[in-house]
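What follows is a single structure, written as structure tokens, with notes after it.
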Amino acid sequence: QVQLVESGGGLVQPGGSLRLSCAASRSILGIYAMGWYRQAPGKQRELVAVITIYGSTNYADSVKGRFTISRDNVKNTVYLQMNSLKPEDTAVYYCKIEGGSWGQGTQVTVSS
């Protein structure tokens, strides 16, 4: 089973940027789709963005135009570039293989 490790979370001011990374324990070449999800306190986990092996992407309406998902099949890593961050983006962010493993999550806090 592929293990996923997220990194890059932290505290950032509103309007700032962060880049999250999700490193897989083996090749992701054969993995059709990988995604980023988030869960805020007291709320359900929600899809943020997903990317397929062909590079097709899909985003939650709340992050369109601000977040960008990408994958590096050589480094076995999926990224989430987050710009123009808002306090409502505060959550634990999780990486997931669609239909498979979850990472342990990384905390993102947007606050002044």
Side-chain angles (χ1 to χ4, degrees):
Q1 189 173 5
V2 180
Q3 293 185 336
L4 304 173
V5 179
E6 300 98 332
S7 61
L11 173 64
V12 63
Q13 292 187 342
S17 298
L18 284 174
R19 188 176 81 154
L20 305 183
S21 299
C22 170
S25 59
R26 65 164 178 80
S27 175
I28 62 173
L29 273 175
I31 297 175
Y32 177 72
M34 297 185 69
W36 285 96
Y37 290 72
R38 67 186 181 186
Q39 188 167 18
K43 295 188 176 181
Q44 289 189 330
R45 195 171 296 189
E46 63 176 358
L47 175 67
V48 176
V50 64
I51 185 167
T52 73
I53 195 168
Y54 304 111
S56 298
T57 58
N58 194 30
Y59 296 92
D61 287 343
S62 58
V63 307
K64 281 181 182 176
R66 300 188 297 121
F67 291 11
T68 303
I69 189 171
S70 61
R71 62 191 286 171
D72 185 330
N73 293 329
V74 174
K75 294 183 178 180
N76 300 324
T77 301
V78 177
Y79 302 98
L80 185 68
Q81 178 66 45
M82 306 186 294
N83 299 327
S84 302
L85 283 161
K86 304 175 181 180
E88 51 263 43
D89 295 317
T90 295
V92 178
Y93 283 71
Y94 298 89
C95 179
K96 176 176 171 47
I97 294 172
E98 294 304 304
S101 308
W102 288 89
Q104 83 289 349
T106 185
Q107 176 71 47
V108 172
T109 303
V110 185
S111 175
S112 55

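Keep in mind that what you see is a predicted model, and the values were worked out from it rather than measured. One is the number of the first residue; the rest follow in order along the sequence.
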Polar side-chain atom of [X] near backbone of [Y] as donor-acceptor pair, under 3.5 Å:
X: Arg38; Y: Val108; value: no
X: Glu6; Y: Gly105; value: yes
X: Tyr59; Y: Ile69; value: yes
X: Thr90; Y: Val110; value: yes

Single-linkage hydrophobic cluster [X]~[Y], side-chain heavy atoms < 4.5 angstrom:
X: Val63; Y: Met34; answer: yes
X: Tyr37; Y: Leu20; answer: no
X: Tyr94; Y: Val48; answer: no
X: Tyr79; Y: Ile97; answer: no
X: Leu18; Y: Val78; answer: yes

Find the distance between [atom1] ([X]) and [atom2] ([Y]) and round it off to the nearest 0.5 Å.
X: Lys96; Y: Ser101; atom1: NZ; atom2: OG; answer: 7.5 Å
X: Cys22; Y: Trp102; atom1: SG; atom2: CH2; answer: 11.0 Å
X: Asn83; Y: Thr68; atom1: CG; atom2: OG1; answer: 6.5 Å
X: Ser27; Y: Lys75; atom1: OG; atom2: NZ; answer: 15.0 Å
X: Arg19; Y: Met82; atom1: CZ; atom2: CE; answer: 11.5 Å
X: Leu29; Y: Asn76; atom1: CG; atom2: CG; answer: 7.0 Å

Looking at every non-hydrogen atom in both residues, tell me the closest pair between [X] and [Y] and how far apart they are.
X: Ala40; Y: Ala91; answer: N-CB, 3.8 Å
X: Val50; Y: Ala33; answer: CG2-CB, 4.1 Å
X: Pro14; Y: Ser112; answer: CD-N, 3.7 Å
X: Ala49; Y: Leu80; answer: CB-CD1, 4.2 Å
X: Gln104; Y: Leu4; answer: OE1-O, 3.5 Å

Q.
Tell me whether Gln3 at atom CD has more than 12 heavy atoms from other residues, nucleotides or ligands lying less than 6.0 Å away.
A.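 Counting other residues, nucleotides and ligands, CD of Gln3 stays at 12 neighbours or fewer.
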Q | Neighbour count >12 (heavy atoms, 6.0 Å) for atom CD, Glu88 | A |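 Result for CD/Glu88: enclosed.
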Q) Where does the angle between the aromatic ring planes of Tyr93 and Phe67 fall among parallel (under 30°), tilted (30 to 60°) and perpendicular (over 60°)? A)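 Plane angle between 30° and 60°, so tilted.
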Q.
Applying side chain to side chain contact (heavy atoms under 4.5 Å, CB included) to Ile53 and Arg71, what does each step give before you reach the verdict?
A. CA-CA 9 Å; Ile53 195 168; Arg71 62 191 286 171; 4.2 Å; yes
Q) Considering only heavy atoms from C-beta outward, does the side chain of Ser17 approach that of Val12 to under 4.5 Å? A)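 With C-beta onward as the side chain, the pair stays apart.
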Q: Run the numbers on Asp89 and Arg66 for side chain to side chain contact (heavy atoms under 4.5 Å, CB included), then give the verdict.
A: CA-CA 11 Å; Asp89 295 317; Arg66 300 188 297 121; 2.8 Å; yes
